[in-house]
2 protein chains.
Amino acid sequence: MLTDRQLLIFQVIVDDFIQSAQPVGSRSLSKKDKIAFSSATIRNEMADLEELGFIEKTHTSSGRIPSERGYRYYVDHLLSPQQLNHHDVHKLKSVFAERIFELEKIVQKSAKILSELTNYTSIVLGPAVKENKLKKIQIVPLNNQTAIAIIITDSGLVENRMFQIPESMDANELEKLVNILNDRLSGVPIESLNDKMYKEVAILLRQHINNYDYILHSIADSLKIPVHEKLFFGGKSNMLSQPEFHDLDKIKSLMEMIEQEDSIYDLIRKNKTGINIKIGKENNNSAMENCSLITATYSIGTEQLGTIAILGPTRMEYSRVISLLNYISSDLSSVLTKLYQRN
Amino acid sequence: MLTDRQLLIFQVIVDDFIQSAQPVGSRSLSKKDKIAFSSATIRNEMADLEELGFIEKTHTSSGRIPSERGYRYYVDHLLSPQQLNHHDVHKLKSVFAERIFELEKIVQKSAKILSELTNYTSIVLGPAVKENKLKKIQIVPLNNQTAIAIIITDSGLVENRMFQIPESMDANELEKLVNILNDRLSGVPIESLNDKMYKEVAILLRQHINNYDYILHSIADSLKIPVHEKLFFGGKSNMLSQPEFHDLDKIKSLMEMIEQEDSIYDLIRKNKTGINIKIGKENNNSAMENCSLITATYSIGTEQLGTIAILGPTRMEYSRVISLLNYISSDLSSVLTKLYQRN
DNA sequence: TGTTAGCACTCCCTACATGTGAGTGCTAAT
DNA sequence: ATTAGCACTCACATGTAGGGAGTGCTAACA
């Protein structure tokens, strides 16, 4: 529905605006090498593009900027995958250069490097734990009253919780307790632990443990592994350098949203596998009005999924960011799979 | 060296400026109830106060604001401990209302509430781990190649690290390894673990374990518990609402400093027990030029120390913040001591 | 001798006018 | 269809004027 010329002009407008953050006018467009027609012609075409909703003016006599709809079209139809340059590739590789075995560290480092390469804010959602299965529970007493319950899942997640030991309980009984727990619960998905505790395990405990009531609740509490996977950020303050955030109020609401991790979590969580792009209002979040969010998923083996995302202004280098995300998410997947593959 | 009247005027200037963030002039001062003399008299006194370096002008004909030196004097000599109101106390109490047993959670919640009460940024440094002693090491194999080493200290800190199991190693040998480690290392301060590993333990491993070399390094690596205690923040974006940070550049450098946790760590770490106040340039950090940092230490039992701090503009409600910090740090100390006291 | 009223002066801030540059839409000529 | 030309618009920078809140200084006062 767009003529080739309109397409060309539109693309140049978007590219120029992404680069300069300034509304682009017909005269400056006409000077570009790629564009061979006069400013008046361009003006006519721009009027059409505006009518179609792809571009808009900031005020009556200003140049044009892409509309959200325009960005959407740009992203869907005009994006040419960009080759990463040597420098970028080199930096990306450095994430995996050191031999780090910890998921958190790897993920955190990815976030940091992504934000450095893009000058936007990066967000990484750690892999989902709810599909993890319990590998082992251990209980280590610290003193007479206190003990630590340590929960290890089959993909190497370790969580620990402190609890009070009832006075009636001795070392012997504690061992019995641990045995029962491991016997009944290992292999059980984290999600169903609580359920299983109060059904199967409760009965067993009643038979073998004095005061089973109190300890049941304590342990069940300990087993409540947070449903929210951890979020890691990189370059939170990068957005402050973006010209669209000269406005203090905008910055404030954005920063508050970032700080309040719940909304970020919602924003990022609900994405399907692969690359997802949400532009401006598509995010359904007033603080994100001028922002776009690009997410990519990474996986461990075939099932466990995490998300890695870039938050930038709508005027974002989509092509570059997508390339970077593609690259890092596939690297992440393969490295993590190698490390954490269940046997 | 200051007359009573100068002191009065100075105090009112500081109080007023802390409240309004506007330079205060002689005329508006003379209208205050506390002050019974004319604006001209006040002008004379202010000239003297300025000469003494306690107050300064923002420009030739502006009202006066306290200088850093002035704040220092105010803090050292004029601060009257402020009674906390019911609302504050109630909110502070809520930190400990739920029965949380985890140090991290408690500490994090404290930070959050402090920032809400003050509208400044709060920073909590988790308790130092270096004086912790090793309670137990456990190794849980995840699959044929990978295992997790879990390190538990006597005060309930749990750290875990993944490592590769050498092929030559079977379950039997793994158990031997764990026994040796626990036998030799339990009770050893975290700091000296590495040392001890390479001296005592290395010899034993050589005798009992094939391929001891590789596993020695892996375990030693795992034992490197980060020296940096964890930092928790609350209200990072609160500073954006402070009028002194209308300037984007200032905000940016402050935010970048906060993000770059190392410098915060340095800033907070080196404080002595009790309340410490650092005003503006006293912090030796250009991003903190317009900020003051008030720190308080909390303790677990008699030795282990953590720090809780408030970062605000130099124009900060010192008295209130100090009261809050005092309150929360002593509450933190007593709760944590009860929970984590070593036996 | 300490205090105060009065006065000239300074500086910031806001509002208003004005000019310029980069843009636009429209029209008529190519 | 394309383009040159023109009148028009708007943001932005610059300049100017007036008001407000402050100052320092001086002279009069208790």
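All values reported here derive from a predicted model rather than from experimental measurement. Below, chain A is the first sequence line, B the second, and so on; all start at residue 1.
Protein atom CZ of A:R64 is 9 Å distant from nucleotide atom C1' of C:dG25, rounded to whole Å. Atom CD in A:E45 sits roughly 15 Å away from atom P in C:dC26 (whole-Å rounding). The NE2-P distance, from B:H59 to C:dC11, rounds to 9 Å in whole Å. The NE2-C1' distance, from B:H246 to C:dC12, rounds to 16 Å in whole Å. Rounded to an integer number of Å, the gap from B:R27 CZ to C:dC7 C1' is 15 Å. Distance B:K31 NZ to D:dG20 C1': 12 Å, rounded to the nearest Å. C:dT24 atom P lies 14 Å from atom CD of A:E56, rounded to whole Å. Atom-to-atom, CD of B:E50 to P of D:dT23 comes out at 9 Å; the value is rounded to the nearest Å.
Between B:R72 and B:E68 there is no salt bridge, since none of the side-chain N atoms of the basic residue sits less than 4.0 Å from a carboxylate O of the acidic one. Remark: B:R64 does not engage B:E56 in a salt bridge, criterion side-chain N to carboxylate O under 4.0 Å.
Using a 4.0 Å cut-off on heavy atoms, the residues of residues 3-25 of chain A that approach DNA chain C are A:G25, listed by number. Contact check of residues 35-42 of chain A against DNA chain C (heavy atom, cut-off under 4.0 Å) returns no residues at all.
When each of B:N44 and B:S62 is assigned the nucleotide of DNA chain C with its nearest heavy atom, B:N44 is the one assigned upstream, toward the 5' end.
One finds a side-chain N or O of A:S28 lying less than 4.0 angstrom from the OP1 or OP2 phosphate oxygen of C:dG23. In this model, the phosphate group of C:dG25 is approached by a side-chain N or O of A:K57 to a distance below 4.0 Å at OP1 or OP2. Contact annotation: B:S26 side-chain N/O to D:dG22 OP1/OP2 distance is not under 4.0 Å.
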Given the rule in the side-chain contact (heavy atoms from CB on, under 4.5 Å) test, do A:I13 and A:I65 qualify, once you have shown the distances and angles that lead to the verdict?
CA-CA 7 Å; A:I13 290 176; A:I65 64 173; over 6 Å; no
What verdict does the side-chain contact (heavy atoms from CB on, under 4.5 Å) test give for A:S263 and A:Q260, after you've listed the backbone C-alpha separation in whole Å, the side-chain angles of each residue and the deciding distance to 0.1 Å?
CA-CA 7 Å; A:S263 45; A:Q260 152 105 52; 3.9 Å; yes
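The aromatic rings of A:Y318 and A:Y71 sit tilted, their planes meeting at an angle between 30° and 60°.
Listed candidates were D:dG24, D:dG5, D:dT9. Nearest to the side chain of A:R43 is D:dG5.
Using a 4.0 Å heavy-atom cutoff across all strands shown, B:T58 reaches no nucleic acid atom at all.
For the residue pair B:Y327 / B:D88, no side-chain donor-acceptor distance below 3.5 Å is found, with atom types taken as modelled. Under the 3.5 Å distance criterion, with hydrogens and angles disregarded, a donor-acceptor pair is assigned to the side chains of B:S26 and B:R43.
Across all non-hydrogen atoms, the minimal contact from A:A287 to A:S253 is CB-O, 3.6 Å. A:I35 and A:I9 get closest at one heavy-atom pair: CD1-CG1, 4.4 Å.
Between the base of C:dT10 and the side chain of B:T60 there is no donor-acceptor pair shorter than 3.5 Å.
Residues B:I277 and B:E282 have side chains not in contact (no heavy-atom distance under 4.5 Å, counting atoms from C-beta outward).
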